[in-house]
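Convention: sequence-line order gives letters A, B, ...; per-chain numbering from 1. Not measured: the values here are computed from a predicted model.
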Number of protein chains: 2
Amino acid sequence: MPKNCNFIGKLREVGLRPTKQRIKMCEVLYNREKTFHFTINDLVKMISEKMNEKISLATVYNTVHAFEKKGYLKEISIDSHKSYFDTNTSAHHHFFDEDTHELIDCDESDIDKINIRKNITGKKINSVEVLVRVAGDNQTQK
Amino acid sequence: MPKNCNFIGKLREVGLRPTKQRIKMCEVLYNREKTFHFTINDLVKMISEKMNEKISLATVYNTVHAFEKKGYLKEISIDSHKSYFDTNTSAHHHFFDEDTHELIDCDESDIDKINIRKNITGKKINSVEVLVRVAGDNQTQK
DNA sequence: AATCTACATTATAATAATTCTAAACTATTG
DNA sequence: CAATAGTTTAGAATTATTATAATGTAGATT
């Protein structure tokens with residue numbers, strides 16, 4: 001996804017019709033300096049705050065999933081209760097702050113390359129992701 | 001959790017009352033050679049098949065969470081739709097077969113030790129876990 | 001530019017997973 | 001063996017997500 005605009009073209013390129021809602025969502029997600037993490041709920045709030053028109057919850061789900069399928073978003077599973085999505089679709093690892101429930105990207109340099117010595121026979125490795133759970137020094141768990 | 005029996009004592013040790021249901025659940029989960037993974041649904045089925053008495057779904061949830069809190073079970077997040085639990089509570093990594101949705105433990109030797117070079121300030125690392133997603137060579141995603 | 005068609009959006013209903021509730025039950029303590 | 005604090009239970013409630021079916025719209029065709 002580009003740093004700035006021409007979302008219409010980008011959507012068309014991957015075969016998604018550039019509807020008003022999809023363009024709006026692109027603006028909210030990608031017109032910013034840094035990539036970020038969000039839940040569907042976060043996104044609904046962000047859109048309804050930034051925009052003056054309503055957007056249906058179903059549309060947000062549909063569109064997020066459409067974007068995910070096309071590689072514009074990545075889903076991250078940390079918590080069985082929440083689905084997080086990441087606008088950073090490149091392979092990278094995460095810290096998860098168990099106090100604040102905040103998800104933080106690792107820089108490339110934060111974690112050495114993972115060496116997988118063995119694989120499941122007949123299978124191809126699709127991804128290797130590390131999750132580092134952290135918390136304040138006092139209370140350990142949620 | 002022990003290889004065999006005295007679940008009553010073990011439950012008492014951590015301050016859980018050894019009720020009929022909890023002892024049954026221990027038997028189903030820990031009277032076996034190898035550790036394994038399950039969802040709440042799997043477990044309900046297993047219990048209702050192995051036992052002749054009914055167990056309430058709520059009890060299974062309560063008991064699984066009680067066991068988790070006491071370190072008898074570990075939750076694994078892979079899929080936002082399903083909660084997996086693991087009777088292997090030691091630190092270890094996983095393969096996840098995206099074709100079959102099967103979760104497979106990594107042996108200690110399968111993955112080199114992960115080296116975390118940087119951490120979030122003021123936080124302690126609670127766990128470092130790797131998830132290796134694999135799939136058949138043909139179709140890549142679900 | 002009007003029409004057509006396939007795809008999108010929408011509000012709402014349906015489903016699924018999990019948690020809550022409050023009444024009945026039971027393991028432990030005294 | 002009575003008291004009580006923790007447990008189980010069925011079912012209701014809640015939450016997240018997906019399905020439905022009617023309406024709307026983008027893009028191609030005239």
Side-chain angles (χ1 to χ4, degrees), chain A residues 6-28 37-48 51-70 72-73 75-85 101 142, chain B residues 6-28 37-48 51-70 72-73 75-85 101 142:
Chain A
N6 200 16
F7 295 125
I8 295 178
K10 289 289 171 189
L11 287 167
R12 253 193 211 111
E13 274 172 31
V14 299
L16 288 175
R17 280 192 185 171
T19 63
K20 199 170 54 180
Q21 292 82 352
R22 283 172 179 168
I23 295 162
K24 276 187 182 176
M25 193 171 297
C26 282
E27 286 167 5
V28 171
H37 307 110
F38 62 92
T39 65
I40 296 283
N41 251 318
D42 295 337
L43 190 54
V44 169
K45 267 183 210 155
M46 293 172 69
I47 293 173
S48 59
M51 311 300 170
N52 291 331
E53 284 178 64
K54 276 176 192 168
I55 189 167
S56 161
L57 182 59
T59 303
V60 178
Y61 273 101
N62 289 341
T63 307
V64 163
H65 287 140
F67 282 14
E68 192 197 0
K69 201 172 295 171
K70 296 302 182 179
Y72 285 178
L73 288 174
E75 189 172 5
I76 300 164
S77 290
I78 272 139
D79 188 317
S80 45
H81 306 171
K82 275 184 187 175
S83 273
Y84 288 84
F85 290 88
H101 278 213
K142 60 163 90 79
Chain B
N6 200 17
F7 295 125
I8 295 178
K10 289 289 170 187
L11 287 166
R12 251 194 213 111
E13 274 171 31
V14 297
L16 289 175
R17 281 191 185 174
T19 63
K20 201 169 53 178
Q21 291 83 350
R22 284 172 178 168
I23 295 162
K24 277 188 182 175
M25 192 169 299
C26 281
E27 285 167 6
V28 171
H37 307 111
F38 62 92
T39 65
I40 296 283
N41 250 320
D42 295 337
L43 190 54
V44 170
K45 268 183 209 155
M46 294 172 67
I47 293 173
S48 59
M51 311 299 171
N52 291 331
E53 283 178 65
K54 276 174 191 166
I55 189 166
S56 161
L57 183 60
T59 304
V60 177
Y61 274 101
N62 289 341
T63 307
V64 163
H65 288 140
F67 282 14
E68 191 196 359
K69 200 171 295 172
K70 295 304 181 179
Y72 286 177
L73 287 175
E75 188 171 4
I76 300 163
S77 291
I78 272 139
D79 188 318
S80 44
H81 305 172
K82 276 185 186 173
S83 272
Y84 289 83
F85 290 88
H101 278 211
K142 58 163 86 80

Chain A vs DNA chain C, heavy-atom contacts under 4.0 Å, first-to-last nucleotide span, 5' to 3', is C/dA6 to C/dT19
Across the strands shown, which category fits A/Leu57 at heavy-atom distances under 4.0 angstrom: base, sugar-phosphate, nothing?
-> base
Distance-only check: which donor-acceptor pairs under 3.5 Å involve side-chain atoms of residues 13-20 of chain B, not counting sequence neighbours?
residue, atom, partner, partner atom, Å
B/Thr19, OG1, B/Arg22, N, 3.2
B/Lys20, NZ, B/Glu53, OE1, 3.2

How would you list, by chain and number, every residue that makes a side-chain contact (heavy atoms from CB on, under 4.5 Å) with A/Asp42, sequence neighbours excluded?
-> A/Phe38, A/Thr39
Residue set satisfying side-chain contact (heavy atoms from CB on, under 4.5 Å) with A/Ser56, at least two apart, ordered chain then number -> A/Ala58, A/Thr59
For D/dT17, does OP1 or OP2 lie under 4.0 Å from any side-chain N or O of A/His65?
-> no
In whole angstroms, how far is the [atom2] atom of [N] from the [atom1] atom of [X]?
| X | N | atom1 | atom2 | value |
| --- | --- | --- | --- | --- |
| B/Tyr61 | D/dA10 | OH | P | 15 Å |
| B/Lys70 | D/dG6 | NZ | P | 12 Å |
| A/Asn41 | D/dT14 | CG | P | 17 Å |
| A/Glu68 | D/dT18 | CD | C1' | 15 Å |
| B/Ile23 | D/dT8 | CD1 | C1' | 14 Å |
| B/Lys24 | D/dT7 | NZ | P | 18 Å |
| B/Met51 | D/dT8 | CE | P | 14 Å |
| A/Phe38 | D/dA16 | CZ | P | 16 Å |

B/S/- contact track for nucleotides 22-30 of chain D, protein heavy atom under 4.0 Å | ----BS---
When rounded to the nearest 0.5 angstrom, what is the spacing between CZ in B/Phe85 and CD in B/Glu68?
-> 5.0 Å
Polar side chain donor-acceptor pair, A/Gln21 to A/Thr63, under 3.5 angstrom | no
Taking for each residue the nucleotide of DNA chain C bearing the nearest heavy atom, is the 5' side occupied by B/Ser83 or by A/Val60?
-> A/Val60
Side chain proximity check, A/Lys10 to A/Tyr72, heavy atoms < 4.5 angstrom | yes
Looking at residues at least two apart in the chain, or sitting in another chain, which of them share a ring pair (Phe, Tyr, Trp, His ring centres under 6.0 Å) with A/Tyr84?
-> none
Verify side chain to side chain contact (heavy atoms under 4.5 Å, CB included) between B/Val28 and B/Met51, making sure each step is shown before the conclusion.
-> CA-CA 9 Å; B/Val28 171; B/Met51 311 299 171; 3.3 Å; yes
Could you please spell out the steps behind the side chain to side chain contact (heavy atoms under 4.5 Å, CB included) verdict for A/Glu75 and A/Ser83?
-> CA-CA 7 Å; A/Glu75 189 172 5; A/Ser83 273; 2.8 Å; yes
